[in-house]
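Hydrogens, waters and symmetry mates play no part in the numbers below; they use all other heavy atoms, side chains included.
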Amino acid sequence: MPGFHLKQVFAAALALALSNPVTAQDPAYLRGYFDALIDDHYPGLETGILSIDADNRVLLSGGNCFSPTRKRDIVRLLQETGKVTAVYWENADCPSATPSMADIHALPEQPVFDGLVADPRQARFSVSYQRYKISGRTFNASNTSFGEYFGLAEGFLGESGVSQIGIQGAVFALFDLDSSSKDLINADYWIGFPITYRKNAWAYMLKIYHQSSHLGDEFILNNPDIDRINLSYEDITLLVSYEWDKLRLYGGAGYLLHREPELERQHWQAGAEFVYPQMLIGLDWIAAVDIQASEEADWKRSYSFKTGLEFKNRGRRLRLLLEHFDGNSPNGQFFREDLRYTGVGLDFGF
């Protein structure tokens, strides 16, 4: 009878499955599980599981593609499953690379050169409360930025590390919280095209960008004697970053191309960042300093400090940071003014 045959087939299939079960500790299962986990938390990341041995030690590919910070995040992700005894990296060429030729693919999801934590001018989403002291006046201010990096293409330098070209855009806005209508004081509009490259702990960024600055309408009405500057320029900057365990060092220089008014052209930048993973209830502690100087400001140094906690989840991050700045104002219209502020802010990472 048909029903009898169907029961026989079902029983045979069940017996076969029980005789060779795929368990949660099976290497093939774990490999698929870990690959899916990494892809879910870091979509578009060029890495994968090369092997898992009988003691659940995992070998990952793409060791030259990522910074120590990114490697640490991936290792932590796997170890949190409780199914891994150790994680190792194969420091071979990036998985997407092919020998002696480019392997270009569009719209990569992960940046190659991580943003600088303490730099006041980074393309990111952030909001800060700051106690401002500038031009002999002290007041409460809010500094906001709306910006992001978007990868356009990756792999154009072939097998040597990982290379990427992208676009960055941002708006930086400063508000006077003590005014009756929370006046917009200054807004800087910024767009750039960075070319980035990474091999293991070393990362490089060459970017050309444009900035234009504008005073707020209410600020102009309330300050009719203000000396307005039509600040606009294009700049080319090269930055080099090196990461060692929990520490990141960076430095570089830039040169103004077309500029209005006639500003001196040269400037430099350097800094350091330190990350202590899972210092407090699973949160990372971050401390960072950024130092900048320009020929226009007679090489006077400007210092920016930030420290606080970072929460990460599924590739996103939220930072709560204390901040302090002392130097020439980064707000375009007031670049010749001495500024000091202390505050607290939130940075959002996507």
Side-chain angles (χ1 to χ4, degrees), residues 38-39 41-48 60-75 77 89-98 101-119 121-125 147-170 190-209 236-254 269-273 275 288 290 310 312 315-317 347 349-350:
I38 294 173
D39 187 60
H41 283 73
Y42 301 99
L45 203 64
E46 293 290 343
T47 189
L60 291 167
S61 65
N64 280 342
C65 295
F66 313 123
S67 67
T69 300
R70 179 55 55 82
K71 289 181 181 180
R72 188 165 54 242
D73 290 343
I74 296 172
V75 170
L77 177 67
W89 290 90
E90 181 189 57
N91 288 316
D93 296 324
C94 301
S96 62
T98 55
M101 67 177 64
D103 182 19
I104 299 174
H105 59 277
L107 307 184
E109 297 187 60
Q110 300 294 329
V112 172
F113 193 99
D114 292 333
L116 306 178
V117 174
D119 186 349
R121 283 296 182 263
Q122 285 290 288
R124 60 189 167 211
F125 286 84
E148 190 56 272
Y149 169 84
F150 186 85
L152 297 176
E154 185 174 88
F156 51 87
L157 293 183
E159 66 179 357
S160 179
V162 57
S163 52
Q164 195 172 112
I165 185 170
I167 184 172
Q168 285 180 317
W190 191 89
I191 187 168
F193 297 91
I195 300 173
T196 54
Y197 170 82
R198 172 177 292 282
K199 187 165 185 178
N200 210 356
W202 289 96
Y204 307 83
M205 177 170 65
L206 177 68
K207 64 178 179 180
I208 298 177
Y209 70 96
I236 183 169
T237 297
L238 174 65
L239 290 173
V240 180
S241 168
Y242 179 80
E243 293 185 52
W244 178 74
D245 194 19
K246 302 177 180 66
L247 180 67
R248 179 191 188 191
L249 303 175
Y250 63 86
Q269 179 179 13
E273 300 171 4
V275 179
D290 181 82
E310 178 180 72
K312 296 179 181 178
R316 297 190 175 191
R317 66 175 183 269
D347 286 0
F350 304 97

**Student:** Under 3.5 Å, is there a donor-acceptor pair between the side chain of Q269 and the main chain of G254?
**Tutor:**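 No, Q269 side chain to G254 backbone: no donor-acceptor pair under 3.5 Å.
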**Student:** Nearest heavy-atom pair of L249 and A272: which atoms, and what distance?
**Tutor:**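 Between these two residues, the closest heavy atoms are CD2-CB, 3.7 Å.
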**Student:** When you measure from the side chain of R248 to the backbone N and O of D114, does any donor-acceptor pair fall under 3.5 Å?
**Tutor:**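 Checking the backbone N and O of D114 against the side chain of R248, a donor-acceptor pair under 3.5 Å is found.
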**Student:** Quick check: does any side chain N or O of Q122 sit under 3.5 Å from a backbone N or O of L116, one acting as donor and the other as acceptor?
**Tutor:**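 Here the side-chain-to-backbone pair exists.
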**Student:** If I take atom CD from residue E148 and atom CD from residue Q168, how far apart are they, to the nearest 0.5 angstrom?
**Tutor:**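 Atom-to-atom, E148:CD and Q168:CD are 8.5 Å apart.
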**Student:** Roughly how far, to the nearest 0.5 Å, is the OG1 atom of T237 from the NZ atom of K207?
**Tutor:**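 If we round to the nearest 0.5 Å, K207:NZ and T237:OG1 are 5.5 Å apart.
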**Student:** For Q164 and G151, indicate whether the former's side chain and the latter's backbone hold a donor-acceptor pair under 3.5 Å.
**Tutor:**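 Not a single qualifying donor-acceptor pair exists.
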**Student:** If we ignore hydrogens and angles and just use 3.5 Å, is the side chain of R72 paired with the main-chain N or O of I74 as donor and acceptor?
**Tutor:**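 The answer is no, because no donor-acceptor pair under 3.5 Å joins these two groups.
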**Student:** Between R317 (side chain only) and G349 (backbone N and O only), is there a donor and an acceptor less than 3.5 Å apart?
**Tutor:**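 Pair absent, no side-chain N/O of R317 close to backbone of G349.
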**Student:** Enter the distance from I236:CD1 to I208:CD1 here, rounded to the nearest 0.5 Å.
**Tutor:**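 Answer rounded to 0.5 Å: 4.5 Å.
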**Student:** Kindly say whether F156 contributes a backbone atom to a donor-acceptor pair with the side chain of S163 at under 3.5 angstrom?
**Tutor:**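 A pair under 3.5 Å: yes.
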**Student:** If I compare all heavy atoms of Y209 with all of W190, which pair ends up nearest, and what's the gap?
**Tutor:**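 In this case the closest contact between Y209 and W190 is CD1-NE1, 2.6 Å.
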**Student:** Enter the distance from I195:CD1 to L238:CG here, rounded to the nearest 0.5 Å.
**Tutor:**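 I195 atom CD1 to L238 atom CG measures 11.0 Å (nearest 0.5 Å).
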**Student:** Would you mind reporting whether Y242 and L247 have side-chain heavy atoms less than 4.5 Å apart?
**Tutor:**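 L247 vs Y242: side chains apart.
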**Student:** Distance from K71 atom NZ to W89 atom CH2, nearest 0.5 Å?
**Tutor:**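 The CH2 atom of W89 is 6.5 Å from NZ of K71, to the nearest 0.5 Å.
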**Student:** Between P194 and Y149, is there a side-chain heavy-atom distance shorter than 4.5 Å?
**Tutor:**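 Yes, at least one pair of side-chain atoms sits under 4.5 Å.
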**Student:** Evaluate I165 against F193 for side-chain contact (heavy atoms from CB on, under 4.5 Å), listing each step before the verdict.
**Tutor:** CA-CA 7 Å; I165 185 170; F193 297 91; 5.7 Å; no
**Student:** Could you state the interatomic distance from CZ (F150) to CD (E109), rounded to the nearest 0.5 Å?
**Tutor:**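 Reported value, rounded in 0.5 Å steps: 9.0 Å.
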**Student:** Grab the two heavy atoms, one from A203 and one from V112, that are nearest each other, plus how far apart they are.
**Tutor:**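 Of all heavy-atom pairs spanning A203 and V112, the closest is CB-O, 4.4 Å.
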